[in-house]
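Comments concern the structure below.
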Amino acid sequence: MYICTNSNDRIMSSNVRVRFAPSPTGPLHIGGVRTALYNYLFAKKHGGDFLLRIEDTDQTRFVPGAEQYIIEALAWCGISPDEGIGGETIGNGPYRQSERKSLYRKYVDQLLAVDKAYIAFDTSEELNTLRQMAKDAGATNWQYNYITRGNMKNSLTLPKEEVKAKIEAGASYVVRIKLPRDHEVRFEDTIRGWVSVNTNNMDDKVLYKADGMPTYHLANIVDDHLMGITHVIRGEEWLPSAPLHVMLYEAFGWERPVFAHLPLLLKPDGPGKLSKRDGDRLGFPVFPINWSNPETGETASGYRELGFFPSPFVNMLALLGWNPGTEQEVFNLQGLIEAFDLSKVSKSGAKFDFEKGKWFNQQYLRALSESELAVELKKALDKEGLSYNEAHLGKIATMMSERATFPQDLLAEGRYLFIPPATYDEKTRNKRWGKDSAGMLQDLAARFETIPDFTETNIEAAFKGYLAEKELGFGKVGPSFRLALTGRGLGPSMFTICEVLGKQEVLSRIAKAVEILG
RNA sequence: GGCCCGUUCGUCUAGCGGUCCAGGACGCCGCCCUUUCACGGCGGAAACACGGGUUCGAUUCCCGUACGGGUCACCA
């Protein structure tokens with residue numbers, strides 16, 4: 001049960017029902033995912049329902065695979081619809097607007113009957129011409145509104161019989177909303193407070209297209225009403241059309257939902273909102289999971305394939321435009337649900353910061369248990385077909401996790417633990433490999449040979465014993481020792497590395513290094 | 001251009017009239033730990049767009065300016 005005294009001071013008490021309603025014109029970008037996430041968090045926070053609806057009223061922009069992508073991307077994020085596409089369907093369907101086509105006509109007629117809408121015969125070409133003329137004349141935007149509609153070809157200007165005749169003759173027409181003149185439309189947005197627009201600045205938007213499909217505006221109001229949506233949480237790009245929606249609710253005489261317009265995700269570089277076209281241009285993905293258009297073959301990379309875990313990915317998105325009011329930054333989905341509060345969503349747009357995003361993933365990775373890390377490492381190894389000793393995986397993964405951001409780093413940073421170095425880092429070699437290095441390593445190898453139980457502590461004892469006996473500093477032997485075994489100049493403790501490698505491998509690598517490096 | 005929305009460190013943000021010469025996080029820099037790298041610890045540089053009000057007192061409230069964003073399709 002959700003109790004709020006929010007909108008217009010009206011007390012409402014009903015089950016929260018929110019919806020995410022993307023149009024299947026391509027992959028969902030991270031801004032869209034965030035919108036879905038906020039809707040989901042809000043619903044779950046209040047014990048309500050989250051619905052997924054597909055707004056495909058524009059048949060010309062349909063992209064195959066897009067709907068499936070949306071479902072898969074949300075599922076990866078842990079966002080599962082309670083109802084609608086990809087969820088359990090409970091009586092309010094269908095949930096694709098194209099499949100609801102026949103249902104909208106009734107509502108258009110209802111509006112027509114009470115003179116809240118009218119039929120217009122003007123063609124797109126005619127309107128474009130008018131708009132272009134206005135533009136050329138330096139005038140402000142030409143609008144189909146209370147002033148101009150008197151000069152257009154519509155049911156307001158044409159005799160009834162002519163309208164009827166045209167329709168019967170099969171003339172194509174649209175239905176437009178009939179906005180009253182000089183009416184102040186006001187509504188309270190949960191995030192922005194009172195928003196007010198005068199109808200003189202709005203135009204008579206098309207509600208019903210010539211192809212018999214409703215426009216987004218009509219479909220969205222009808223569906224939200226029929227589906228019992230209580231809160232409309234969507235991007236700020238919808239704010240300018242919200243007054244139109246308010247007018248539609250009034251025209252129908254329906255109670256309207258509470259509106260909350262989210263701030264946009266902005267490009268980290270230049271101006272503007274983050275868009276799908278940004279693809280990989282900025283050096284990071286803008287999509288949750290990989291996308292490939294089955295028709296054009298275009299592809300774009302996703303966070304999932306990059307190595308992001310769902311939890312930190314969602315965590316990062318949640319904090320872009322919202323904060324819990326405390327200093328906590330790391331959350332899992334459940335934690336987000338508990339902490340989420342629409343009133344703490346900020347008003348201004350947020351530039352996306354990939355570096356911070358990586359930090360969330362790193363935090364998550366580091367908090368994984370040894371066995372969980374081992375699983376990740378195993379996956380990376382299997383993917384490359386490398387062989388390994390299962391018993392050492394946990395230890396290695398934990399060791400490498402300190403310098404990893406993504407699971408694949410577990411292997412990338414410690415590949416030498418599985419295959420001998422093919423080359424030796426040139427810089428380290430020049431700086432650390434001296435004339436006496438080979439001899440020292442051979443001495444060490446001889447001592448290692450005698451260690452019965454080849455463990456980290458025993459290896460360290462042998463190594464330090466050698467140092468003490470020869471009165472050598474760690475820096476004299478350590479780096480060349482590391483170079484010989486790993487081919488690199490930096491990394492985790494050599495003693496741990498030796499134990500994991502095993503005595504035979506250590507001895508053989510020393511021998512090989514002595515031979516190659518001299 | 002019209003309309004609408006916004007404006008605190010480079011970035012994400014805390015702040016809802018006095019506790020703010022503004023707090024946290026990412027990134028950056030320095031120091032410590034350490035054979036090295038990383039992790040970790042400590043410290044540092046870094047912001048209230050500007051101008052008017054209102055008030056005993058404004059980062060916080062109001063107005064204007066500037067700047068930024070969104071939107072102006074038979075697209076969503």
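Chain letters run A, B, ... following the sequence lines, proteins first and then strands; every chain starts at 1. Bear in mind that the values here come from a model prediction, so they are computed numbers and not experimental data.
- Pairing for B/G2 is with B/U71, a Watson-Crick or G-U wobble pair whose two hydrogen-bonding atom distances lie under 3.5 Å.
- Separating the C1' atom of B/A47 from that of B/G27 is a span of 16 Å, rounded to the nearest Å.
- The base of B/C72 sits with one of its N or O atoms less than 3.5 Å from a complementary donor or acceptor on the side chain of A/N141.
- If you measure from atom CH2 of A/W359 to atom P of B/G24, you get 14 Å, rounded to the nearest angstrom.
- Nucleotide B/G70 holds its P atom 13 Å from the CZ atom of A/R192, rounded to whole Å.
- Spacing between B/U13 and B/U36 at atom P, rounded to whole Å, works out to 39 Å.
- Between the P atoms of B/A45 and B/G30, the separation comes to 15 Å (whole Å).
- Atom CZ of A/F481 sits about 12.5 Å away from atom OG of A/S437, to the nearest 0.5 Å.
- Look at CG on A/N145: it is 12 Å from P on B/A73, rounded to the nearest Å.
- Nearest to the side chain of A/E402, among B/C12, B/A38, B/U36, sits B/A38.
- A perpendicular orientation is assigned to the rings of A/F313 and A/F308, their planes being inclined by more than 60° (bins at 30° and 60°).
- Pair assignment for B/U35: none, as no Watson-Crick or G-U wobble contacts are both less than 3.5 Å.
- Annotation for A/E184: atom CD counts as buried by contact number, over 12 foreign heavy atoms lying within 6.0 Å.
- The same atom, C1', is picked in B/C67 and in B/A73; the two are 29 Å apart, to the nearest Å.
- Rounded to the nearest 0.5 Å, atoms CG (A/L320) and CG (A/L264) are 11.5 Å apart.
- Listed pair A/R176 / B/C74 meets the phosphate criterion, a side-chain N or O lying under 4.0 Å from OP1 or OP2.
- For the C1' atoms, the distance linking B/C26 with B/C21 amounts to 25 Å, nearest Å.
- Stacking between A/F474 and B/U35 is present: the aromatic ring centre lies within less than 5.5 angstrom of the base six-membered ring centre, and the two planes differ by under 30 degrees.
- For B/C28 and B/C39, the P atoms lie 10 Å apart once the distance is rounded to whole Å.
- Taking atom P in both B/G10 and B/A58, one finds a spacing of 25 Å when rounded to whole Å.
- B/A66 and B/U7 make up a base pair, with Watson-Crick or G-U wobble contacts both under 3.5 Å.
- The separation of B/C31 from B/C20, taken at their C1' atoms, amounts to 29 Å, rounded to a whole angstrom.
- A/W238 has its ring centre less than 6.0 Å from the ring centre of A/Y216.
- Counting atom types as modelled, A/K205 pairs no side-chain N or O with a base atom of B/A73 as donor and acceptor under 3.5 Å.
- With distances taken from any side-chain atom of A/V206 to the nucleotides B/U35, B/G70, B/C74, the minimum falls on B/C74.
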